[in-house]
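Okay, so here's the structure we're looking at.
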Amino acid sequence: MEIAPNFTYSPWRHGGWYVDNIRYPSGAVGCVSRNYSDRKWRIVCDPRPFEQRPTFKSRQEAATAEWNLVRSLDVLTNCECEN
């Protein structure tokens, strides 16, 4: 298993943080936030329904989870499956 990089962050205008060194296959930048009523960290662009999204104890934990999510999406996007 590959170890996540040291993440760098930039303020996001909605109160969270861009994760500068996370890029989705679309080119979008990663983003994590705890700007929710329960103040728990979440992946902002998590594709799952809100009530199914995991929460995290720290910004670093959320960024690591997003990094793993993007890596799994990248594998699916770049898959050359035979029909």
Side-chain angles (χ1 to χ4, degrees):
M1 177 184 238
E2 197 174 334
I3 297 173
N6 290 323
F7 299 109
T8 57
Y9 304 92
S10 299
W12 181 47
R13 67 177 181 259
H14 297 292
W17 297 91
Y18 287 115
V19 187
D20 301 323
N21 44 341
I22 293 179
R23 296 282 176 174
Y24 283 82
S26 67
V29 177
C31 190
V32 295
S33 179
R34 64 178 183 159
N35 194 22
Y36 301 94
S37 60
D38 62 7
R39 304 299 293 160
K40 293 181 181 179
W41 286 98
R42 289 180 173 81
I43 299 168
V44 173
C45 293
D46 193 323
R48 294 170 278 203
F50 184 81
E51 54 280 342
Q52 294 177 16
R53 293 179 188 177
T55 59
F56 306 96
K57 294 179 182 178
S58 68
R59 180 175 72 172
Q60 178 71 25
E61 191 178 306
T64 300
E66 185 169 31
W67 181 76
N68 285 313
L69 173 65
V70 170
R71 287 181 68 233
S72 70
L73 294 173
D74 196 38
V75 167
L76 293 173
T77 302
N78 293 322
C79 179
E80 294 183 21
C81 302
E82 293 182 31
N83 292 326

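Excluded from the calculations below are hydrogen atoms, water molecules and symmetry mates; all remaining heavy atoms, backbone and side chain alike, are included.
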Check: With sequence neighbours left out, what residues match Tyr9 under side-chain hydrogen bond (donor to acceptor under 3.5 Å, both in side chains)?
Finding: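 In terms of side-chain hydrogen bond (donor to acceptor under 3.5 Å, both in side chains), with neighbours along the sequence ignored, Tyr9 is linked to Gln60.
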Working to the nearest 0.5 Å, report the span between [atom1] of [X] and [atom2] of [Y].
X     : Y     : atom1 : atom2 : answer
Ile43 : Cys31 : CD1   : SG    : 10.5 Å
Asn21 : Trp67 : CG    : CH2   : 10.0 Å
Phe56 : Arg42 : CZ    : CZ    : 9.5 Å

Of all heavy-atom pairs between [X] and [Y], which one has the smallest distance, and what is that distance?
X     : Y     : value
Glu61 : Thr55 : OE2-O, 4.4 Å
Arg53 : Val44 : NH1-O, 3.8 Å
Arg39 : Arg34 : NH1-O, 3.0 Å
Tyr24 : Glu66 : OH-OE2, 2.6 Å
Pro25 : Val70 : CD-CG1, 4.4 Å

Note to self: Checking the side chain of Asn35 only, and the main-chain atoms of Gly16 only, is there a donor and an acceptor separated by less than 3.5 Å?
What the structure shows: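 Not confirmed, Asn35 side chain does not pair with Gly16 backbone.
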Any side-chain heavy atom of [X] within less than 4.5 Å of one from [Y]?
X     : Y     : value
Phe7  : Thr64 : yes
Ser10 : Trp17 : no
Pro54 : Asp46 : yes

Next item on the list: Please lay out, stage by stage, how Trp12 and Val32 fare under the test side chain to side chain contact (heavy atoms under 4.5 Å, CB included).
Entry: CA-CA 9 Å; Trp12 181 47; Val32 295; over 6 Å; no
Next item on the list: Report yes or no: do Leu73 and Ile22 belong to one cluster of Ile/Leu/Val/Met/Phe/Trp/Tyr joined by side chain heavy-atom distances under 4.5 Å?
Entry: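 The answer is yes; both residues are in one hydrophobic cluster.
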Note to self: I'd like to check the ring-ring contact (aromatic ring centres under 6.0 Å, His included) partners of Tyr36; sequence neighbours left out, ordered by chain and number.
What the structure shows: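 Phe50.
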Next item on the list: Give a yes or no on whether Asp38 atom CG has more than 12 heavy-atom contacts from other residues, nucleotides or ligands under 6.0 Å away.
Entry: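 Atom CG in Asp38 is crowded, with more than 12 foreign heavy atoms closer than 6.0 Å.
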